[in-house]
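Have a look at the structure below before the remarks.
Naming: A, B, ... by sequence-line order, numbering from 1 per chain.
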Protein chains: 2
Amino acid sequence: MRTDGVEPAPPTAGIVQRPVRDAGRPAVQRVTIRDVASLAGVSVATVSNALNRPSIVAPDTLERVQEAIARTGFVRSTAAGQLRGGKSRTVGVVVLDLANPFFTDMVRGAEDVLRKHGYMLMVCSSDESTEQELHYLRLLEEHRVDGLLITPAGHELREIAKLAAYGVPTVLLDRDANDEALCSVTVDDIRGGQLAAHHLLELGHADIAFVNGPATIRQCADRREGAMTAVRAKGRRPRRDVVFREIEVPALTADHGERAVGALLALEPRPTAVICANDLLALGVLKGLASARLAPPEDLAVVGYDDVTFASMLSPALTSVRQPKYELGATAARLLVEEATGGAHEHRSIRFEPELVVRASSRAPRAIRP
Amino acid sequence: MRTDGVEPAPPTAGIVQRPVRDAGRPAVQRVTIRDVASLAGVSVATVSNALNRPSIVAPDTLERVQEAIARTGFVRSTAAGQLRGGKSRTVGVVVLDLANPFFTDMVRGAEDVLRKHGYMLMVCSSDESTEQELHYLRLLEEHRVDGLLITPAGHELREIAKLAAYGVPTVLLDRDANDEALCSVTVDDIRGGQLAAHHLLELGHADIAFVNGPATIRQCADRREGAMTAVRAKGRRPRRDVVFREIEVPALTADHGERAVGALLALEPRPTAVICANDLLALGVLKGLASARLAPPEDLAVVGYDDVTFASMLSPALTSVRQPKYELGATAARLLVEEATGGAHEHRSIRFEPELVVRASSRAPRAIRP
DNA sequence: CATGCCGATTGAACCGTTTCAATCGAACCT
DNA sequence: AGGTTCGATTGAAACGGTTCAATCGGCATG
């Protein structure tokens, strides 16, 4: 139930000065810089100066202007300022999915840095759809964002490079710039895969499975490659044959991880350890193992990837490869600010090192345990 | 350790054609509507019409304009449009912490609705600081957002109501409007607390602890009140004395939950069940219990609140009170759009019902178990 | 006393769009 | 033929700031 109440005009003595716009909304007439100027008895230019370069206006004038601003409740319009060659004080942030804690942490990192510089974040989830990404990129361009932080959904960076070429400082998040001249902040996924596999090999595992997402996702391919590198390095030593088998699932979700357990246990001989391409998969695998009455690390060592907040709280607590998510976003934001404000700038690729966090879910295989 | 690899500039064949503005930035001259008009041989008004009211321009003219837009790569400026009485096509979203999955899910709900209406989201984390909230509100006002979705950090809604009075459609997220004339979308936290406590009481628990956040947070106070209501209702029955004790921690984090375990186990006699004001606290409690070599639900039944994604994957899987997070955000966004576009509108408060999800972490106390 | 300089202030142009009233041509009506 | 109507198009005035060159007054200097 609602009433179509057209709000009565406030009791103003005399003429109705503000035109009633669309029925029923207050739509108070905005205070402009001109109102402030006339109240303070100065020109609009002086008000503008008081706002942007207070040092060049006389102290008493400044005070009068500030007084007038307070009295009128004036709030400057970014849009108007932007029009006259200015900046929009806005940064576009495009991630694959804002509901994914990995991206959320990154965005927080970026937000904390950008806030200090007066930027607002326009956050968008592409849902891994290049179409939706394009839609958002277009909108961000219309808003004339001063910068762009983006985890591209596809391999095609041309649209992004086009924006960057238009003068929009751009930093790729968790994605390499390839040949395009762009900044990027990434984590070394090959190294991460290596860390995970090396850890298991050191523990004495010689038959490792890898539950992986689609090979089209760069992170998945890299992590697998890293793991295989470690395996090959080990295998080269005499008297030691290491088996490495991959199970590919269509998406990096707990659900698919759980379903992968069937295939995992069907492997002959059964592997003694499993690396999962991310923690969600690992969570699913743990759950699936529990259903199958198998208990890690006894029956199978499990290693995840991402070290999400919850990894440490599982039981067994999950061994995982940690990525500096917050730092990733914060660093990307700093690069962005540097590019947006500093004159001199050269595109840079910053690569973070992942870190293995060993917990209870990984342990030496039964066979060689004392 | 990280490497700051400075990428070499890509080899470009020939002349650097783009004008260097401030050292090193492309800063290509923007294509304006005038460029499009002159290329298409029409007036700017016609181009504007082609953009906004294509039906009133002659088909062949329309085609010529669209051709010109494509050729020039014209992208309209939202800011310029906004200036001339238009809208900013932007909505401010202020949550307590974007890194908290509860808010993230809400924001996703809002995003999905708002995207369809062409709005961009300016997302801000107030970190529960009214000061930071105010900072953001000011910035959002400067950006002339077309709407505001906000979970207020404090009890003081005056600043928010002021914005709303200025004609900015506003919807409170997970927070009541009290006396202010505002829309709000909430979940019945009293009911949620009741559900949690009632569940434990039904299982036969008679000594329940409540790990709560600061009482200044309305949600915390309400959940506690709901739980106490259930306890009192039970206590009224003869021959049954129910003990209910509260442990207050300064913030709703896993860390504080873990630290609360000390106080929890120090209670004399030790409670047989614990309700946590949210899942993060519950996770911390689970972890702390594990460190203390106690295993829920055997040694202590644990109930959380929020039912975050990971709650179901813990072991024991966490019994929790689910809130329709995504729906909350989506509904708020729909209210916002209705208020922003429809002329007729009356402020509404929509209240969702929480739902108890029973899992392995809660079970009858040892004493009365068969 | 004339001159020059400097800090403070200001008028006016400008940014890129939307929109309104005015114009124009063609078709239609009497 | 003259008048009317209607659809398509357009010139120009906003919108609300920023900025630049010009102005002004006061003070020190020659």
> Minimum heavy-atom separation for B/Y166 to A/G73, with atom names?
Replying inline: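 Where B/Y166 meets A/G73 most closely, the heavy atoms are OH-O, 4.2 Å.
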Roughly, in whole Å, what's the span from [atom1] in [X] to [atom2] in [N]?
X: A/I69; N: D/dG16; atom1: CD1; atom2: P; answer: 16 Å
X: A/R53; N: D/dT18; atom1: CZ; atom2: C1'; answer: 8 Å
X: A/R89; N: D/dG17; atom1: CZ; atom2: P; answer: 16 Å
X: A/Q82; N: D/dG17; atom1: CD; atom2: P; answer: 14 Å
X: A/K87; N: D/dT18; atom1: NZ; atom2: P; answer: 15 Å
X: A/I56; N: D/dC20; atom1: CD1; atom2: P; answer: 11 Å
X: B/E63; N: D/dA8; atom1: CD; atom2: P; answer: 16 Å

With a non-hydrogen cut-off below 4.0 angstrom, is [X] in contact with a base, only sugar-phosphate, or nothing?
X: A/T46; answer: base
X: B/V42; answer: sugar-phosphate
X: B/T78; answer: nothing
X: B/S48; answer: base

>> Given 3.5 Å as the limit, does a donor-acceptor pair link the side chain of A/R89 with the main chain of A/H117, or not?
In response: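 Such a contact is found between A/R89 side chain and A/H117 backbone.
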> 5'-most contact on DNA chain C: A/T61 or A/A80, nearest heavy atom basis?
Replying inline: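 Nearest nucleotide further toward 5': that of A/T61.
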>> Need to verify one output field. Residue with the more 5' nearest nucleotide on DNA chain D, A/S77 or B/L62?
In response: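 Checking each residue's closest nucleotide, the 5'-ward one belongs to B/L62.
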>> Assuming nearest nucleotide by heavy-atom distance, tell me which of A/N49 and B/A45 is located more 5' along DNA chain D.
In response: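 Whichever sits nearer the 5' end wins; that is B/A45.
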> Does the D/dG17 base have a donor-acceptor partner in the side chain of A/R34 within less than 3.5 Å?
Replying inline: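 A donor-acceptor contact between them is present.
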>> Less than 3.5 Å apart, any donor N or O on the side chain of B/D35 or B/T72 sitting next to an acceptor on the other?
In response: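 No pair is found: no donor N or O on one side chain lies under 3.5 Å from an acceptor on the other.
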> If you measure only the distance, is there a donor-acceptor pair under 3.5 Å linking the side chains of A/E111 and B/S125?
Replying inline: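 B/S125 and A/E111 do have a side-chain donor-acceptor pair below 3.5 Å.
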> Below 4.0 angstrom, N of the basic side chain to O of the carboxylate: do A/E339 and A/R348 qualify?
Replying inline: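 Here A/E339 does not pair with A/R348 in a salt bridge, since their nearest N and O are not under 4.0 Å apart.
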>> Students should find this one: the first and last nucleotides of DNA chain C, 5' to 3', lying under 4.0 Å from a heavy atom of chain B. What are they?
In response: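 Answer, 5' to 3': C/dG16 to C/dT19.
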> Can you name the residues that form a salt bridge (Lys or Arg N to Asp or Glu O under 4.0 Å) with A/E133, not counting sequence neighbours?
Replying inline: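 Partners of A/E133 under the salt bridge (Lys or Arg N to Asp or Glu O under 4.0 Å) test: none.
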>> With side chain to side chain contact (heavy atoms under 4.5 Å, CB included) as the test, pick out the partner of A/M120 among B/L139, B/V123, B/T90.
In response: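 It is B/L139; the other options fail the test.
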